[in-house]
2 protein chains.
Amino acid sequence: MTRTGSGRGHTRDDVVRTALHILDEYGLPDLTMRRLANALGVQPSALYWHFANKQNLLAELADRIVARAAADDPDSSWTTSVRAEAVALRDALLAYRDGAEVVAGTLALGLGSTMARDRFAAAVAAGGFDRETARRAAMALLHFVLGHVSYEQQRMQYDSVGVLADALPVGGADPTAEFTFGIDLIVAGLDSSRARR
Amino acid sequence: MTRTGSGRGHTRDDVVRTALHILDEYGLPDLTMRRLANALGVQPSALYWHFANKQNLLAELADRIVARAAADDPDSSWTTSVRAEAVALRDALLAYRDGAEVVAGTLALGLGSTMARDRFAAAVAAGGFDRETARRAAMALLHFVLGHVSYEQQRMQYDSVGVLADALPVGGADPTAEFTFGIDLIVAGLDSSRARR
DNA sequence: ACCTGAACACCGTTCAAGT
DNA sequence: ACCTGAACACCGTTCAAGT
């Protein structure tokens, strides 16, 4: 599967694309180096020519997943553009099975997905906030988005396997509404801190 | 290690306490069933008499970690009590290595840590919000806290091993200030939605 | 430039059987 | 009530060597 380029062997890009395919089809727990090697028709050890370790591969996946997020609604108020950024990121994460967990898992390493934070920071900064405030707000938004979507995706998976704790219809039935609610809370918080200046 | 009760063998409680000790000492990746069995002087298979699987064990750990969070500042405004709840939860998560990840990982299952959400919901509800709003706000708070502290703890671990991406002093140097900032944002957002009614 | 073969040091879980 | 022994079906990673 996925042989590109003119040379004989696989490209780093081949590996990444096959990995993304496995991720989306079978989920993060099934994305093992051995399974990936198998899908490429190659020995597991071959993967270590392309990537130093699994963590680095996952960081690359995280970058590609986040890169798909495109909000771009210029000439709109900073609040609607922050909201648009959040929705676009959520959509990008939802586009791949376990997308949020992959991104969340590599965030702390500083390897993948600096992009998401930067986009949030830029959108907030357009509201006239200083750089430090924009950075902190971006992190808060990011933590909420990653937390929410991870939760959302874990639940999808769990109740497709039917393992959800019995007495728990507790979670609201409308994830999108809950997501919007959370984002609006943070945006409103920012806006009120702006008014107070 | 840790033998309690009158009978011959280990208690479920012994297992949990030993697991918590390994978690705190060596971190989540090193908390394996085999290592845990070893610490108890028992075969790995013996653990499956006490717990159906590892996931259930982790859920129990999550419950214990969260249970330590005690805010209890009665007769204070709902905003300060939400803040106190958040700080107490963060402290509880920080009390064990990888505490946030353990709790975050079992949250979606509905097994462990319903307690954290309920405490937040109660604190918010004291502000006179309807139940649905309180629930959603509680989830937003929870996602932020878990995301923030997971990030915080991952970074501690990573740069103790010296694997942090080189060009990345990007993260602010004061985690507590960033945490407070995020919580204040959400609380302010809630407060402004209250004023608008 | 890209991969094989073989090994090392691990995982979680099941299940019959023991005391 | 609590555990053993043995097995099953896996992991990520290293490293010399091959083409």
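Please read all numbers here as calculations on a predicted model, not as lab measurements.
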Please give, in whole Å, the distance from D/dC11 P to A/Arg35 CZ? 8 Å
List in chain and number order the residues that pass side-chain contact (heavy atoms from CB on, under 4.5 Å) with B/Ala71, two or more places apart in sequence or in another chain; answer none if no residue qualifies. B/Ala84, B/Glu85, B/Ala88, B/Arg119
What is the distance from CG of A/Leu31 to C1' of D/dC10, rounded to the nearest Å? 15 Å
Could you pull out all residues at least two apart from A/Ala92 that satisfy side-chain contact (heavy atoms from CB on, under 4.5 Å)? A/Arg68, A/Ala69
How close or far is atom P of D/dG12 from atom CG of A/Leu57, stated in whole angstroms? 10 Å
Which string of ( ) [ ] | and . matches DNA chain D, if you list each base 5' to 3' and count Watson-Crick or G-U pairs only when both distances are under 3.5 Å? ||.|||||...|||||.||
How close or far is atom P of C/dC2 from atom CG of A/Leu40, stated in whole angstroms? 13 Å
Among B/Ile186, B/Ile183, B/Val87, which residue satisfies the side chain to side chain contact (heavy atoms under 4.5 Å, CB included) criterion with B/Val145? B/Ile183
Given C/dC3, is OP1 or OP2 found less than 4.0 Å from the side-chain N or O atoms of A/His10? yes
Give the rounded distance in Å between these two atoms: CG of B/Asp14 and P of D/dC2. 10 Å
Pairwise side-chain contact, A/Leu61 with A/Val103, heavy-atom cut-off 4.5 Å (strictly under): no
Interatomic distance where CG belongs to B/Leu28 and C1' belongs to C/dC11 [whole Å]: 14 Å
In whole angstrom, what separates B/Asp30's CG from C/dC10's P? 10 Å
All salt bridge (charged side-chain N to carboxylate O under 4.0 Å, His left out) counterparts of A/Glu132, not counting sequence neighbours: A/Arg135, A/Arg136
Once each nucleotide of nucleotides 13-19 of chain D is scored for protein heavy atoms under 4.0 Å, what B/S/- sequence comes out, 5' to 3'? BBB----
Would you tell me if any nitrogen or oxygen in the side chain of A/His50 comes within less than 4.0 Å of OP1 or OP2 on C/dA1? no
Using atom P of each nucleotide, how far apart are D/dA9 and C/dA9 to the nearest Å? 24 Å
For A/Leu47 and C/dA1, give me the distance from atom CG to atom P, rounded to whole Å. 18 Å
Proximal nucleotide (of C/dG12, D/dT4, C/dC2) relative to the B/Thr32 side chain: C/dG12
Residue pairs, two or more places apart or on separate chains, that pass ring pair (Phe, Tyr, Trp, His ring centres under 6.0 Å) and touch residues 40-92 of chain B: B/Trp78-B/Phe129
Pairs touching residues 18-33 of chain B that satisfy salt bridge (Lys or Arg N to Asp or Glu O under 4.0 Å), sequence neighbours left out: none
For B/Ala46, what residues pass the side-chain contact (heavy atoms from CB on, under 4.5 Å) criterion, not counting sequence neighbours? B/Val42
Taking only residues two or more places apart in sequence, or in another chain, which ones meet A/Ala116 in a side-chain contact (heavy atoms from CB on, under 4.5 Å)? A/Val66, A/Leu89, A/Leu142
